[in-house]
Amino acid sequence: MATVDSFHLLYGEISRSCNPYFETLALIGALYAARRAVILLRDCCALVRVHFLPRIIPSKKLTQRFGDWAVVYGAAETVAKAYAEELARHGVSIIFVTQDHTSVRDTAATLSQSYGVETVVIVADFSLEKAAGNPIKEALRGKDIGFLVNCVESVASPQSLIEMPEQSLLELVNKNVAVATLMTRLVLPGMLERSRGAVVNISSGACCKPLPGRVTLTASTGYMDHFSRALHLEYSFKGIFVQSLTPFQIASSEQQTSSSAPTSRAGWFVPKPEVYARHAVSTLGVSNRTTGYWPHTLQYGLMKRIPEWIWVLGSRVLIS
């Protein structure tokens, strides 16, 4: 009995002496929980503000807010083609800039017939350096250019850097980095004169975390994301809205589905191109950096919270 009484007495003394520390730890825990709750509430409010309110609250027409014409570079990509169609649905005329007119010729004709907008296809050989901009400048003259849409060209299948042919690597970097930057340089002066316009750079969610076999894609999208943010910082106070769109996986179009290329089926986290474009266009003027589609924003939020070492370890396990 004496031993038991001694134990209770000792336990009581230790509890009394440590009580201030317990209270301090409890306070720290409460503050941390409150901080996480505030962050979660802030993220939820941002999700509603960016992805839901613009689709509920009516706003001015896009042509009134930004301009009557859009310049689209990279429309061979499914997401860029769907984005151009969504702009056309809002009454915006489209200028396609491409190095191969066969990839957008049918799209341009379809948009004209379906939505009654004007479409122009400009073939530009960017290997000619400065001369490549001449036909683009000529096409822009006298038009109220309100939109510039640059889209990063995706890589067909995972491929390590040393497996990629040197010429293909140079062409990919030129298209995704140099040409997109040049297109912005060509279109931006006219927007500044009118003090309005929107530059939309569509890259990929790959910019937030490295992906195995996607070195060039990760690097290109990272450049486009930072390029967009720097542009927005420099020109937002002059009336130019610059947006970085970083979508995750998007379902294949019907044309791709009918081909032998690998396809991805539509779902909640893998939207159809037209569904994604509808959501993305609604964020214009609302957020300068977004995935454009709220389930993708949930994915992005989850990926940001995964520690880098766990992400790298998981990627190595998947590769092996």
Side-chain angles (χ1 to χ4, degrees), residues 28-55 77 79 83 150-152 154-155 158 176-177 180 199-233 236 241-251 264 266-271 273 275-277 279-320:
I28 293 173
L31 290 175
Y32 178 79
R35 177 175 177 272
R36 302 309 301 180
V38 169
I39 291 174
L40 180 61
L41 180 61
R42 181 201 64 188
D43 292 345
C44 291
C45 290
L47 187 74
V48 172
R49 179 183 62 85
V50 173
H51 297 286
F52 293 98
L53 288 184
R55 296 170 59 82
E77 293 295 313
V79 62
Y83 199 97
N150 291 314
C151 185
V152 167
S154 60
V155 182
N176 289 346
V177 176
V199 178
V200 181
N201 292 321
I202 307 175
S203 55
S204 167
C207 68
C208 66
K209 291 286 185 181
L211 296 171
R214 305 278 185 176
V215 174
T216 53
L217 177 64
T218 302
S220 300
T221 55
Y223 171 81
M224 289 297 287
D225 182 45
H226 283 272
F227 175 61
S228 303
R229 292 158 65 186
L231 272 179
H232 186 74
L233 178 66
S236 58
F241 178 77
V242 184
Q243 184 181 61
S244 173
L245 277 181
T246 56
F248 285 81
Q249 190 174 10
I250 296 174
S264 53
W268 195 47
F269 284 99
V270 187
V275 173
Y276 175 80
H279 281 78
V281 169
S282 70
T283 66
L284 272 173
V286 181
S287 175
N288 68 300
R289 188 174 185 241
T290 175
T291 63
Y293 180 61
W294 69 270
H296 285 183
T297 299
L298 297 179
Q299 286 181 274
Y300 177 74
L302 177 62
M303 287 179 65
K304 278 202 312 181
R305 284 160 177 78
I306 298 177
E308 188 75 15
W309 68 272
I310 293 180
W311 181 267
V312 172
L313 181 62
S315 298
R316 289 175 178 172
V317 170
L318 289 176
I319 293 175
S320 59

Test side-chain contact (heavy atoms from CB on, under 4.5 Å) applied to Val79 and Pro271, Cys151, Pro273, the passing residue: Cys151
Under the side-chain contact (heavy atoms from CB on, under 4.5 Å) test, residues paired with Val286 that sit two or more places apart: Arg49, Val50, Pro54
Closest non-hydrogen atom pair, Arg305 against Gly301: NH1-O, 2.9 Å
Heavy-atom check, side chain of Asn176 versus side chain of Tyr223, under 4.5 Å: no
Donor-acceptor contact present, side-chain Arg36 to main-chain Tyr32, <3.5 Å: no
Pairwise distance CD(Glu308) to CD1(Ile310) - rounded to 0.5 angstrom: 10.5 Å
Aromatic plane relationship, Trp294 with Phe52 - under 30° parallel, 30 to 60° tilted, over 60° perpendicular: tilted
Residues which pass side-chain contact (heavy atoms from CB on, under 4.5 Å) with Ala206, listed by chain and number, not counting sequence neighbours: Ser204, Leu211, Leu217, Thr218, Thr221
Heavy-atom side-chain contact between Ile39 and Asp43 under 4.5 Å: yes
Least distance between heavy atoms, Val270 atom then Ala251 atom: CG1-N, 3.4 Å
Least distance between heavy atoms, Ile250 atom then Pro247 atom: CD1-CB, 4.0 Å
Heavy-atom side-chain contact between Ser228 and Asn288 under 4.5 Å: no
Listed partners of Gln299 passing side-chain hydrogen bond (donor to acceptor under 3.5 Å, both in side chains), at least two apart: none
Residues forming a side-chain hydrogen bond (donor to acceptor under 3.5 Å, both in side chains) with Arg35, sequence neighbours excluded: none
Within residues 283-292 or reaching into it, pairs that qualify as salt bridge (charged side-chain N to carboxylate O under 4.0 Å, His left out) - sequence neighbours excluded: Asp225-Arg289
All side-chain contact (heavy atoms from CB on, under 4.5 Å) counterparts of Thr291, not counting sequence neighbours: His51, Thr246, Phe248, His296, Thr297, Tyr300
Main-chain N/O of Gly285 paired with Gln243 side-chain donor or acceptor, under 3.5 Å: no
Heavy-atom check, side chain of Tyr276 versus side chain of Leu245, under 4.5 Å: yes
